[in-house]
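Single-structure report; data block below.
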Number of protein chains: 2
Amino acid sequence: MKRPTIADIARRAGVSKGAVSYALNGLPGVSAATRQRIIAIAQEIGFNPNSAARALSGAAANAVGLTLCRPARTLGIEPFFMELISGVEAELSARSYALTLQVVADPEAEIAVFRRWWGERRVDGVFVCDLRVDDRRIPVLERLQLPAMVIGGPGHTGTLANVWCDDGAALVEAVEYLVALGHHRIARVGGLPGLLHTEIRTRAFTDLCARLGLSRAVTVPSDYTGEEGGRATRRLLSSPERPTAILYDNDVMAIAGLAVAQEMGLSVPADLSIVAWDDSALCQLVHPALTALGRDIPAYGANAARRLLAVVAGDPVDDFQDQTAHLTPRGSTGPPPRDT
Amino acid sequence: MKRPTIADIARRAGVSKGAVSYALNGLPGVSAATRQRIIAIAQEIGFNPNSAARALSGAAANAVGLTLCRPARTLGIEPFFMELISGVEAELSARSYALTLQVVADPEAEIAVFRRWWGERRVDGVFVCDLRVDDRRIPVLERLQLPAMVIGGPGHTGTLANVWCDDGAALVEAVEYLVALGHHRIARVGGLPGLLHTEIRTRAFTDLCARLGLSRAVTVPSDYTGEEGGRATRRLLSSPERPTAILYDNDVMAIAGLAVAQEMGLSVPADLSIVAWDDSALCQLVHPALTALGRDIPAYGANAARRLLAVVAGDPVDDFQDQTAHLTPRGSTGPPPRDT
DNA sequence: CTGAAAGCGCTTACAG
DNA sequence: CTGAAAGCGCTTACAG
């Protein structure tokens, strides 16, 4: 029992294959009656167009690609990507586009995957995640003329379109909130250096603290893992004039930081205030629940997907600024201890 | 500048397109010298076979599909799937197979996706996750003759091959450990009812507790989310004879349970012991770190992928039992309070 | 409005 | 060992 093709439909309907193609794709060239008859037959025999044949005839592959360059353990624990992916998916499946996923070991491997996908005509476009300050993927994608959507920015995207959000502004909101609570000794546990959004946040933090006269403000670079986040926290809390508030670049590190504080006998928020970036459900899983900078990540992904499809279609697409993350105060923040 | 095809290579090498195909695919029919020359040219001009053309010529699509049927927020926070996916990926990319992912709303939508993928010849096979007791996907896949690998079991997979692990045995290890510590009042916060592995664990728990004479043992059904897991914990800890130990069906619920205990002023493990299922990095992120039942999930995924490709290739594949999860004791378990 | 035909870029029998 | 050719299942000008 072979899979039905347009030839089968054409035979049944007594028309040519071309007519079937026109009818099924909603193109002019067939009468309304014929079209209806053809569609009915297609449904009856459970017809699905062979995607390979379609792609080969110059049409699109109807698939876009997403590469993830993080080690397995980190990926699993980082809610950001899965939330992003489900948003991307929602948009793609509404348009019958498939998502091809590949987990890679390093950015060079990512480039190789892009080349292969495009060479094989396996995808019509790709997403670029984890944008770096000097990102080697950008010029390669430009040269390949592979339609792409950068998730990150602003800037550093060459001629590629992107979606981004203002992390600097979000950081300011968080730090000003801590200052309003009375904190002077504020530290930050940063994400992986080299990633653009990490650098943007670091610069915003440094600038703001200088402006506010918070001379002890310091960023400890980390790598988004709980392990490193915990270690950075231990170091900060062991220093002679320990911070009274710590801002973390993701929620995983913030939770690890909370555990370290508890382990060291510090009470949160009485002795230490904690603010997380990325307000995933994790933040409300712990006690006290974490004050966090959050925004709608699935919506961000959906936006990126919609715009990538526009780029694929050849429509003009300009850079898009998504909503800025906003602060949700919860139990992990409060005034600093009296004697500070 | 068009993408190079085998015709370009054939022209350059002064051979037929057929010869190029044979040479590149390592098939007999060309001399070693010709083969080498052709391969060199292919590399030089950056040739990648068009995957659509290949698929259309009867070869495989070189892609397999994975559907995920969980809401966005749950997916993001549940490390299991990303770990599974990265294991699957590792195996697939080593064989140049792509992974096509789709997030769906419900099992019926999953079936529709399977039908479409197979009809479109977009995938050569699919994974089946979150196996249910009476899983409607199984008979559909059998009827479609779509190569599939069930991740779950044992049993309930019809004629489809599967990979599974003995959750009953793992549960016994965890409960016996708690009993050895002196616990009598042991409760369990279970995962989503209807999922096969949830049911297997529930039955194992009920049977074992009956055998051990733990008359107060109870399973509170939940849904794997932190929210529900916390709620179930609150209910258990508010009962007149509250449990001294709780076993959770995943780590997310266990962490939520830990937070509820802290919020209620109970000390872990002095007042309450906690055991998590799924030993993701989350378990070592909190304080105290969670005693957990863990196993190598990426390896599980890699195994499933290897075997799915075997099914696709038409090789005989029988059911495979993966390693049983083992218990890693950490700070969240200890003897029960004296007066119990 | 419809039919017949070429072509997408491969793979694979079939001759030489 | 190699070449010429058919065919996979669509799409899309091109005639009628």
Side-chain angles (χ1 to χ4, degrees), chain A residues 1-39 41-42 45-63 96 116-124, chain B residues 1-39 41-42 45-63 96 116-124:
Chain A
M1 196 191 73
K2 273 180 76 274
R3 194 162 293 93
T5 70
I6 53 168
D8 299 318
I9 301 176
R11 200 175 319 114
R12 285 230 205 183
V15 300
S16 71
K17 293 193 305 174
V20 174
S21 178
Y22 289 132
L24 259 25
N25 290 315
L27 298 173
V30 286
S31 65
T34 308
R35 187 188 304 278
Q36 228 166 356
R37 194 152 45 91
I38 289 174
I39 290 175
I41 294 175
I45 66 178
F47 171 78
N48 284 294
N50 180 314
S51 63
R54 208 169 214 182
L56 190 55
S57 303
N62 278 298
S96 299
R116 186 166 52 76
W117 276 349
W118 189 230
E120 293 180 347
R121 277 268 184 251
R122 198 178 266 288
V123 299
D124 300 319
Chain B
M1 194 191 74
K2 273 181 75 274
R3 196 160 295 94
T5 69
I6 53 167
D8 300 318
I9 300 177
R11 201 176 318 112
R12 286 230 204 184
V15 300
S16 71
K17 293 193 305 175
V20 174
S21 177
Y22 288 134
L24 260 26
N25 290 314
L27 297 173
V30 286
S31 66
T34 309
R35 186 189 304 276
Q36 228 165 358
R37 193 154 46 90
I38 289 173
I39 291 175
I41 295 175
I45 66 178
F47 170 78
N48 283 297
N50 179 313
S51 62
R54 209 168 215 184
L56 190 54
S57 303
N62 277 297
S96 299
R116 187 167 51 77
W117 276 348
W118 188 231
E120 294 179 348
R121 276 269 182 251
R122 198 177 267 287
V123 299
D124 301 318

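Proteins get letters first, then strands, A, B, ... in listed order; numbering begins at 1 in each.
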So A:Thr34, base contact, sugar-phosphate only, or nothing? Heavy-atom distance under 4.0 Å.
sugar-phosphate

Using a 3.5 Å distance criterion without hydrogens, assess whether the side chain of A:Arg122 forms a donor-acceptor pair with backbone atoms of B:Ala52.
no

Counting distance only, does the side-chain N/O of B:Ser57 pair as donor-acceptor with the main-chain N or O of B:Ala53 below 3.5 Å?
yes

With a 3.5 angstrom cut-off on both distances, give the Watson-Crick or G-U wobble partner of C:dT2, or none if there isn't one.
D:dA15

Does NZ or CZ of B:Arg116 lie under 6.0 Å from the centre of the six-membered ring of B:Trp118, at an angle within 45° of the ring axis?
no

First and last nucleotide of DNA chain C, 5' to 3', lying under 4.0 Å from heavy atoms of chain B
C:dG9 to C:dA13

Remember a base hit wins even if backbone is also touched, and classify A:Ser31 as base, sugar-phosphate or nothing at under 4.0 Å, heavy atoms.
sugar-phosphate

Tell me if a side-chain donor or acceptor on B:Arg35 pairs with a main-chain N or O of B:Gly29 at a distance below 3.5 Å.
no

For B:Asp124 and B:Ala61, indicate whether the former's side chain and the latter's backbone hold a donor-acceptor pair under 3.5 Å.
yes

With distance as the sole test, does B:Asn25 use its side chain to make a donor-acceptor pair with the main-chain N or O of B:Tyr22 at under 3.5 Å?
no

Could you check whether A:Thr5 gets within reach of a base, just the sugar-phosphate, or nothing at all, counting any heavy atom under 4.0 Å?
sugar-phosphate

Toward the 5' end of DNA chain C, which comes first, B:Gly18 or B:Leu56, by nearest nucleotide?
B:Leu56

